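Presented below is the structure to which this report refers.
Numbers for residues simply follow the sequence, beginning at 1. In this text, all values refer to a predicted model and were calculated from it rather than measured experimentally.
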Amino acid sequence: MSIDERDTLFARMAWPEGSPAREDYYARHPENRERDEAIRALPDLGSPGSPTYDPLGSPVTDALFSLLADLRPLSEGTPSGEPVETDPARLTRWALGLARFLGADDAGIAAMGPGLYYSHRGRHEAFYGAPVTENFPFALAISVAMDPAMIHKGPRAAEMAESARGYLRGAVAAIAAAAAIRRMGYRARAHTDGNYLVVASRVAKAAGLGVFGRSGLLLHRRFGPCHRLAVVTTDMPLLPGSPDPAAPLVKAF
């Protein structure tokens, strides 16, 4: 079943009061307004007055998420010429090795199918309600581990900073991998925090990186819930699956 990004809580919390997106959504889903307004009444994460605020740690979190936003335009681009390699087995080894080379702690390949793409966009008002029409056949799922010692400091600022660092590490790996794939002559798009066309957790499960737990989070086969995801979708011919995480790293080149 496809998911509409407009129904996700992150999207609903992003729309300013009185905005067309917010008014349209609650006109169609009035049952969600009261609960969402109660959440909005709470202090923002990392803001003064919240348990996650720290005068030294919170600026780090804000800076990392701001940098993530600045990187979004680099997620897409045009391929450079014709494909330079067409063998799926060789390209799969290259893509998985590339992900690890660029900083991924684990990676796998998914065959894109029903329910892996969002049906409509919703996180940003500029794209609110736009149907997701991308239909690349394959995805490179990237997982980056977070430091459990930092996460166990939650709900203090250290946890927020480590979460932001995880998203940034995943974004850098995915954006760089997508750029390299385009240099290989194939189409590719990076999907990172705040800029997804795919349901990243579903893609990662399809790639064999983990299973869903009762929490609804993807439990990674090694890191449990202590990781962050990014995805690269592409028309590069790849072989779905993921290598044994205990196996030696295969170099990309």
Side-chain angles (χ1 to χ4, degrees), residues 1-3 8 75 85-119 132 134-148 151 163 166-167 169-178 180-181 184 186-193 195-253:
M1 181 179 68
S2 294
I3 296 176
T8 66
S75 297
E85 174 62 59
T86 60
D87 179 63
R90 188 173 183 185
L91 288 171
T92 298
R93 290 193 297 272
W94 177 84
L96 292 172
L98 177 68
R100 296 290 294 273
F101 173 73
L102 293 171
D105 293 308
D106 199 6
I109 306 297
M112 295 299 289
L116 299 187
Y117 277 107
Y118 283 117
S119 63
V132 175
E134 183 186 286
N135 60 350
F136 292 158
F138 300 105
L140 172 65
I142 290 171
S143 172
V144 294
M146 296 188 293
D147 182 353
I151 297 302
S163 179
Y167 280 123
R169 287 180 56 215
V172 169
I175 289 171
I181 290 171
M184 292 280 284
Y186 293 96
R187 294 181 296 164
R189 185 195 193 274
H191 305 260
T192 62
D193 178 67
N195 190 32
Y196 299 106
L197 299 182
V198 300
V199 184
S201 55
R202 288 186 175 185
V203 174
K205 181 179 183 297
L209 298 188
V211 298
F212 284 108
R214 289 184 177 182
S215 62
L217 298 175
L218 184 92
L219 303 180
H220 186 269
R221 54 189 178 177
R222 280 188 293 159
F223 315 133
C226 197
H227 70 120
R228 289 290 180 258
L229 294 169
V231 173
V232 178
T233 49
T234 181
D235 62 356
M236 175 180 277
L238 300 171
L239 302 177
S242 56
D244 182 345
L249 173 64
V250 176
K251 300 287 186 177
F253 41 84

I need the Ile142 CD1 to Ile175 CD1 distance, nearest 0.5 Å. 10.0 Å

With sequence neighbours left out, what residues match Thr92 under side-chain hydrogen bond (donor to acceptor under 3.5 Å, both in side chains)? none

Non-hydrogen atoms of Arg189 and Phe136 that approach each other most closely: N-CE1, 4.2 Å

Across all chains, not counting sequence neighbours, the side-chain hydrogen bond (donor to acceptor under 3.5 Å, both in side chains) partners of Arg187 are Asp235

Distance check, rounded to the nearest 0.5 Å: Thr86 atom OG1 versus Leu91 atom CG? 7.0 Å

Separation of Leu229 CG from Leu217 CG (nearest 0.5 Å): 10.0 Å

Side chains of Leu197 and Tyr118 in contact at under 4.5 Å (non-hydrogen atoms): no

Starting at CG of Leu96, measure out to CG of Asp106 and round the result to the nearest 0.5 Å. 9.0 Å

Does a side-chain heavy-atom distance below 4.5 Å link Met236 with Leu140? no

Check side-chain hydrogen bond (donor to acceptor under 3.5 Å, both in side chains) between Glu134 and all other residues, then give those that pass, not counting sequence neighbours. Tyr117, Thr233

So, do Glu85 and Trp94 sit near enough that their side-chain heavy atoms are less than 4.5 Å apart? no

What is the minimum heavy-atom distance between Thr192 and Ala174, and which atoms define it? CG2-CB, 4.2 Å

For Asp105, which of Arg222, Arg100, Arg169 qualifies under salt bridge (charged side-chain N to carboxylate O under 4.0 Å, His left out)? Arg169

Can you say whether the rings of Phe223 and His220 are parallel (under 30°), tilted (30 to 60°) or perpendicular (over 60°)? parallel

How many angstroms lie between OG in Ser201 and CG in Leu116, if you round to the nearest 0.5 Å? 9.5 Å

Smallest heavy-atom separation, Pro243 atom then Ala107 atom, equals CD-O, 3.8 Å

Distance (rounded to the nearest 0.5 Å) between Met112 CE and Thr234 OG1: 11.5 Å

Donor-acceptor pair between Arg221 and Ser242 side chains, under 3.5 angstrom: yes

Closest non-hydrogen atoms of Ala188 and Ile181, given as atom of the first, atom of the second and distance, are CB-CG2, 3.7 Å

Heavy-atom closest contact (Leu209 atom, Gly108 atom, distance): CD2-N, 3.9 Å

Does Arg202 use its side chain to pair, donor to acceptor, with the backbone of Gly115 at less than 3.5 Å? yes

Residues Pro237 and Tyr186: closest non-hydrogen pair is CD-CE2, 3.4 Å

